[in-house]
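Along the sequence shown, the residues carry numbers beginning at 1. The basis for the numbers below is simple: all heavy atoms, side chains too, and nothing from hydrogens, waters or symmetry mates.
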Amino acid sequence: MADVPHRTLHEQDMTLLSRALAAQAVSMLTGCSPKEAAASVVDGPGDSGIDAIAFSKGGSDIWLVQAKWSDKGRARLAERDAAVLVTGLQRLADQRYEGFNSRIRASTNRINEALSSPRCRIHLVAALAGDAPLSPQVERQLALVGEGFGFADHVPVTVITLGLADFHSAVRIDAGPAPVDLSATLTDGWHHIDAPYLAYSTSVSADEIASWYNTHGDRLLDPSLRSHSTGRPDPAALSRLATAPEEFWYLTNGITVICEGIDQQFLARRAPGQPLRLRLHNARIVNGATVLATVAQAVDQYPATGDLALVPVRIVCPGDAPQGFVAALTQARETEGFADPLDLVAVDPLQQALRDEFADELHKEYVYRKGAVAPAPNAGCTMQEAAVALACAHPDVSLTARAGADPAYLWRPAPEGGAYTRLFGGRPSARQIWQCVLLLRQVRTALAYAAEGGPSRSRDLADHGDLLLAHLVFRSIDPDHFEELSYSAERFEDWTGQRTWEIADLVVSATERLFGQHLFLASVFTDERKCHVLVEDVMRSLATAPAMLALDSSGAMRRPNSVVTLVEHGRIPEGTRVMYRPSPAEERAIGEWLSEDPRRYLATWTNHPRRPLIWEIDQRAYSPSALARQIWREADWHDAPSATQGSLRWVVPGEGTLADLAAALMSATGNGGS
């Protein structure tokens, strides 16, 4: 209040009450402490209609509060008030902080972080000392905000109205929150211990867990967990519950509940392990908030999940336990314990084979185990970086969109809703992966260079659009040419940088033209539909521009690939019949389609250095990798891998794969494997 000493006492009181109302709204919505709520107030000259700004613990949610006080309880939000609030949001989105007061400018870093997050959610809050609903005009004005910022489809700008009834209710809860009592039905075996503290270890049906959440909401959560948790379901676990609910119990640590008392009611015979219903008094969840939200949403979307899925539950009644014990339980937050996909990757033989190939072929290091130290950039790469690069190279831009919101999506297996099989299932070679990694690095370097000292749009593009830009750069290179480039990717670094800047200009222009000017770029780059529309638009613009880099005589390849080796040595006679040999994953996905017409397996060899295979079906010429991809497209295999080593897919009957024959030639001539 130090900024209003010149005002009358009545005006100071009104300002104090209005600001206190804004702070109380923040406390109610975020669960933060009174001190944090007071610090969120930014009311004053230069606030652009924003009286308080609050952020979630993770930084991706932002609340913009406008408070209206009335001594008579008749406060309302007028059309002009709503317009000023929307204008303030637009200025924040454009990072135009000139004219804002010092309180708002002090939070610019956190505001930028929230508004540029791929998981950004914006909440416009009207905190009113009155109970009149928003007028239809104001509701329409605020409801259209999401569409103007590119959030209409998947990430809403929510409008929250808090009136006198809400504030009265909050006061009652603060004065003495009602205890939560839960019922837990134990039917599938359970264990309990009496000392030093009464506890049960059991499994509870997903349906009963969902009923806890639907009845009590966030009141179930311990206050410290409530302010820490995002309250959002885990996408991988949600997919797992939908596709394999019986497996959920094995892949999560579940939920921990503490309570002040437990009543037992045996449903049959009184004996350990027999069906039992527990009544938990003054219960609260101290671990497993994400599990709780995930299970509740799964049961809502897929009702059959409620009976099929079990959730591990640990119930502890600490009684007179030392304060340190209860604190230890409470502080063990959000360790939901879903199986880490990196643990599954670490035991995949494919990753070990790639590590060996990186070392033998490229003399580089490939790190795929969780917790291992990443190699220096020039010395190699990690599996995570390889997955991102392969996603950018994949023809389906959905992979980059989903990776922008959840990077772990790329190394989760398909049964858990991930893309790991699509990226690595085609067994890309170490050389292909390394070229993809280098190209992605060059795109990111070019974007970072353009963002230095540039406008906010350039910084947003560098921070959140790098994957989509890299995807477009990959798309502007002919796939056959790219796969056959076996010289170092550093040789076309200048071309990559120039191409990245050209595409960046097209992306910004197309984004504003297609989706509006006042939008958050992160909301576009994580929206699969928008990414598809944007990529199609940019690719049309690129169609008339030269795409492929020109190779001169100085760009000689360091080592010929399998096709070049076979052609140069005349190893396979012209007209030889070769056969397609699908991998086990391909056999499962498209084996039936291939068998419908045996000609789909067949091609004829020609001694062409780039496209040696004539497919029996269409009599067109392909490279080995391109023909494999053509087969995938014809079979309508939506989950096809990002890249494949085509020379491993085509076999000369009785002699071996193209890769085998080329390797034997190279070994015989003393040039090493190909």
Side-chain angles (χ1 to χ4, degrees), residues 118-119 235-236 239 341-342 344-345 348 350-351 354 366-368 374 381-447 461-477 479 482-483 489 496 499-500 503 507 521-522 524-532 534-536 538-539 585 625 629 632-633 637-645:
R119 297 173 296 279
S239 174
L342 292 178
L344 302 178
V345 167
D348 185 354
L350 169 63
Q351 293 299 323
L354 283 173
Y366 180 78
V367 173
Y368 63 92
C381 66
T382 64
M383 183 284 301
Q384 293 94 320
E385 188 179 15
V388 173
L390 289 173
C392 294
H394 198 284
D396 184 1
V397 72
S398 298
L399 272 66
T400 65
R402 296 189 64 177
D406 177 20
Y409 160 75
L410 297 180
W411 43 89
R412 280 199 298 268
E416 298 179 15
Y420 178 77
T421 304
R422 298 181 72 181
L423 299 177
F424 292 97
R427 183 54 176 90
S429 68
R431 192 173 300 280
Q432 286 175 316
I433 292 174
W434 183 240
Q435 287 175 330
C436 291
V437 167
L438 290 178
L439 193 67
L440 174 60
R441 289 176 180 177
Q442 291 165 6
V443 169
R444 285 173 161 166
T445 299
L447 286 173
L461 204 61
D463 290 341
H464 306 288
D466 55 336
L467 302 189
L468 184 129
L469 264 293
H471 172 81
L472 285 164
V473 171
F474 277 105
R475 288 278 291 270
S476 69
I477 301 176
F482 182 81
E483 290 182 3
T496 304
R499 195 65 169 171
T500 299
I503 291 175
V507 167
L521 291 180
V524 174
F525 301 141
T526 56
D527 184 312
E528 295 179 44
R529 186 191 66 82
K530 283 188 172 69
C531 282
H532 278 289
L534 185 57
V535 165
E536 289 176 7
V538 173
M539 290 305 297
S625 296
R629 289 197 307 274
W632 297 346
R633 283 193 293 268
W637 187 16
H638 296 294
D639 293 331
S642 173
T644 186
Q645 193 169 354

Go through it in stages, so that I can follow the logic: the residues are Val397 and Leu534, the test is side-chain contact (heavy atoms from CB on, under 4.5 Å), and I'd like the CA-CA distance, side-chain angles, deciding distance and then a yes or no. CA-CA 10 Å; Val397 72; Leu534 185 57; over 6 Å; no
Is the shortest heavy-atom distance from the side chain of Cys531 to the side chain of Leu468 under 4.5 Å? yes
Between Ala386 and Val437, what is the shortest heavy-atom contact and its length? CA-CG2, 3.9 Å
For a quick check under 3.5 Å, do Tyr368 and Asp348 share a side-chain donor-acceptor pair by atom type? no
Output the distance between atom CG (Leu440) and atom CG (Leu467), rounded to the nearest 0.5 Å. 7.0 Å
Could you work out, with side-chain contact (heavy atoms from CB on, under 4.5 Å) as the rule, every residue matching Ala408, not counting sequence neighbours? Asp406, Trp411, Arg412
Is any side-chain heavy atom of His394 less than 4.5 Å from a side-chain heavy atom of Phe474? no
Do Val367 and Gln384 touch side chain to side chain, with heavy atoms closer than 4.5 Å? no
Quick check: closest heavy atoms across Ala387 and Leu423, and the distance to 0.1 Å? O-CD1, 3.5 Å
Would you compute the distance between atom CE of Met383 and atom OH of Tyr420 and round it to the nearest 0.5 angstrom? 7.0 Å
Evaluate the side-chain proximity of Phe424 to Leu390: yes if any heavy-atom separation is below 4.5 Å, no if none is. yes
Quick check: do Leu410 and Arg422 have side-chain heavy atoms less than 4.5 Å from each other? no
All side-chain contact (heavy atoms from CB on, under 4.5 Å) counterparts of Glu528, not counting sequence neighbours: Ser398, Ala401, Arg402
Distance, nearest 0.5 Å, that separates CH2 of Trp637 from CZ of Arg629: 13.0 Å
Could you tell me the separation between the CD atom of Gln435 and the CZ atom of Arg431, rounded to the nearest 0.5 Å? 7.0 Å
Assess whether side-chain contact (heavy atoms from CB on, under 4.5 Å) is satisfied between Gln442 and Thr445, documenting all intermediate values. CA-CA 5 Å; Gln442 291 165 6; Thr445 299; 5.6 Å; no
Non-hydrogen side-chain atoms of Ile503 and Val443 separated by less than 4.5 Å: no
Can you confirm whether Arg444 sits close enough to Leu447 that some side-chain heavy atom of one is under 4.5 Å from a side-chain heavy atom of the other? no
Test applied, side chain to side chain contact (heavy atoms under 4.5 Å, CB included); reference residue, Leu469; option that passes from Val538, Thr400, Val507: Val507
SG-CG distance between Cys392 and Leu439, expressed to the nearest 0.5 angstrom: 9.0 Å
Specify the closest pair of heavy atoms between Cys381 and Arg441, including all atoms of both residues, with the distance to one decimal. CB-NH2, 3.8 Å
Nearest 0.5 Å, please: how far is CD in Gln432 from CZ in Arg427? 9.5 Å
In terms of heavy-atom contacts, Ala391 and Leu399 come closest through CB-CB, 4.2 Å
